Amino acid sequence: MIILVIGCLLVANALPGDSCQTTAKGIFAKRQAEFEEQLNRLRNEVAQGRRKNHVGEMDYAANMNVVEWQQGIANAAQSCSERCPDSLETCRQLTTRYGALHKFRTVHSASQEWEPREVYQKWMDDNKGEQLVIARMKYFGCGRALKKNIDKFIEYVICFFDEAPRKGIVPYVSATQKTIGSACEKGRSSTYSGLCKTTIYQQKIFDGIRFSKYTLVESK
């Protein structure tokens, strides 16, 4: 365990951008729940053909999973956000194996928080929506930090995902209205009827590179 912790510190210290001075950071539990709910709503609407997908088409999904917020991944995303990244290259050691999206904006007050729905819509509008509709994705987490900029603040929002887009592979299996969720191995979610129930491995430790120590639970 000592070796693992030392390894985590080495990874974190190696990241560029450590000199960034943040004035506020973190995402409260209520907002975390909103990030999870809004992402599942977006995925559910795409899967049911009620919302355009990442390429601007109405296309049903046969195999899109429910996703769940995982605090370990969120901790890594938080670490990235506190480096005030203008690009994800700043956090390249943390994102080599996982999907990642980031966004920043200027705000007038440190108390302002970006609504999760607005953040997701920005990514969809910026042609980064494929990351949000990857069917096999199961868990994710986000971080947030603010940096003083003269009389305003710059707000950074970073989300990490357990899966990333794969070149040449479509993010989900297309379906018809009658076959939505037909490829769900464990049946369809009772909460989001267009999505698949999954077996979620709840992460207890994130060491900056790998996941370890999981607890098996069923998603709803």
Side-chain angles (χ1 to χ4, degrees), residues 22-48 50-54 56 61 64-85 87-88 91 94-95 98-147 153-165 171-172 189 191-196 198 200 202-203 206 219-220:
T22 57
T23 58
K25 57 188 179 181
I27 298 176
F28 292 111
K30 180 181 178 181
R31 187 68 80 187
Q32 292 174 9
E34 290 174 4
F35 269 96
E36 179 181 299
E37 178 186 3
Q38 291 300 324
L39 181 51
N40 278 312
R41 282 190 176 185
L42 183 154
R43 290 165 66 84
N44 191 51
E45 289 172 3
V46 169
Q48 293 182 325
R50 296 189 288 115
R51 181 191 185 115
K52 291 181 179 179
N53 64 11
H54 60 295
M64 195 175 296
N65 288 332
V66 169
V67 294
E68 182 172 314
W69 177 282
Q70 293 296 320
Q71 193 56 48
I73 303 178
N75 291 343
Q78 182 62 41
S79 178
C80 176
S81 73
E82 291 173 22
R83 289 162 176 80
C84 307
S87 75
L88 288 171
C91 305
L94 292 175
T95 60
Y98 302 102
L101 291 173
H102 98 303
K103 199 75 180 172
F104 58 93
R105 66 170 181 171
T106 299
V107 295
H108 294 280
S109 168
S111 63
Q112 286 185 257
E113 283 191 65
W114 230 338
E115 293 285 340
R117 177 181 54 80
E118 295 177 359
V119 177
Y120 293 140
Q121 188 58 54
K122 287 285 187 183
W123 284 329
M124 293 293 282
D125 293 342
D126 291 346
N127 297 317
K128 297 177 180 177
E130 182 177 0
Q131 175 66 72
L132 303 178
V133 297
I134 297 174
R136 61 186 177 277
M137 190 162 67
K138 292 183 180 179
Y139 26 72
F140 78 107
C142 303
R144 170 184 175 271
L146 283 91
K147 177 179 72 173
F153 299 86
I154 300 177
E155 181 183 23
Y156 298 85
V157 175
I158 317 292
C159 291
F160 285 176
F161 307 86
D162 70 308
E163 294 282 353
Y172 62 87
S189 166
T191 305
Y192 304 99
S193 60
L195 303 182
C196 303
T198 58
I200 301 292
Q202 298 228 17
Q203 179 199 329
F206 180 82
S219 69
K220 297 180 181 179

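Predicted model, so just to flag it, every value in this text is computed and none were measured.
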Asks: Determine the minimum heavy-atom distance between Ala110 and Leu146, stating which atoms define it.
Replies: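 For Ala110 and Leu146, the tightest heavy-atom pair comes out as CA-CD2, 3.7 Å.
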
Asks: With a 3.5 Å distance limit and no angle check, can you tell me whether Arg144 reaches the backbone of Ser81 through a side-chain donor-acceptor pair?
Replies: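 No, Arg144 side chain to Ser81 backbone: no donor-acceptor pair under 3.5 Å.
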
Asks: Cys91 versus Ile158: any side-chain heavy-atom pair under 4.5 Å?
Replies: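 Not touching, per the 4.5 Å side-chain cut-off.
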
Asks: Do any N or O atoms from the side chain of Tyr120 and from the backbone of Phe35 form a donor-acceptor pair under 3.5 angstrom?
Replies: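 Yes, because the side chain of Tyr120 sits within donor-acceptor range (under 3.5 Å) of the backbone of Phe35.
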
Asks: Counting N and O atoms only, with roles assigned by atom type, does the side chain of Asn44 sit under 3.5 Å from a partner on the main chain of Gly194, one being a donor and the other an acceptor?
Replies: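 Answer holds: yes.
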
Asks: Check whether any side-chain N or O of Gln131 sits under 3.5 Å from a backbone N or O of Lys128 as a donor-acceptor pair, and report yes or no.
Replies: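 Not a single qualifying donor-acceptor pair exists.
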
Asks: In sequence, state the C-alpha distance, the side-chain angles, and the governing distance for Glu115 and Arg31, and then conclude on salt bridge (Lys or Arg N to Asp or Glu O under 4.0 Å).
Replies: CA-CA 8 Å; Glu115 293 285 340; Arg31 187 68 80 187; 3.1 Å; yes

Asks: What pair of heavy atoms forms the shortest contact from Met124 to Gly129, and how long is it?
Replies: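 Closest pair (atom of Met124, atom of Gly129, distance): SD-CA, 3.4 Å.
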
Asks: Got a donor-acceptor contact below 3.5 angstrom from the Asp162 side chain to the Tyr139 backbone?
Replies: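 Yes.
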
Asks: Please report the closest heavy-atom contact between Asn65 and Asn40, naming both atoms and the distance.
Replies: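 Asn65 and Asn40 have their closest heavy atoms at O-OD1, 4.5 Å.
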
Asks: Heavy atoms, side chains only, cut-off 4.5 Å: are Val107 and Glu113 in contact?
Replies: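 Counting from C-beta outward, Val107 and Glu113 never come under 4.5 Å.
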
Asks: Only one of Trp69, Phe160, Tyr98 clears side-chain contact (heavy atoms from CB on, under 4.5 Å) with Phe140; which?
Replies: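 Filter result, single survivor: Trp69.
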
Asks: With no hydrogens and no angle check, just 3.5 Å: does a side-chain donor-acceptor pair link Gln32 and Glu36?
Replies: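 Looking only at side-chain atoms, Glu36 and Gln32 do not form any donor-acceptor pair under 3.5 Å.
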
Asks: By side chain to side chain donor-acceptor pair (under 3.5 Å), which residues pair with Gln121, not counting sequence neighbours?
Replies: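 By the side chain to side chain donor-acceptor pair (under 3.5 Å) rule, Gln121 matches Arg51, Asp125.
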
Asks: Under 3.5 Å, is there a donor-acceptor pair between the side chain of Trp123 and the main chain of His102?
Replies: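 Yes, the answer is positive, given that a donor and an acceptor are paired below the 3.5 Å cut-off.
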
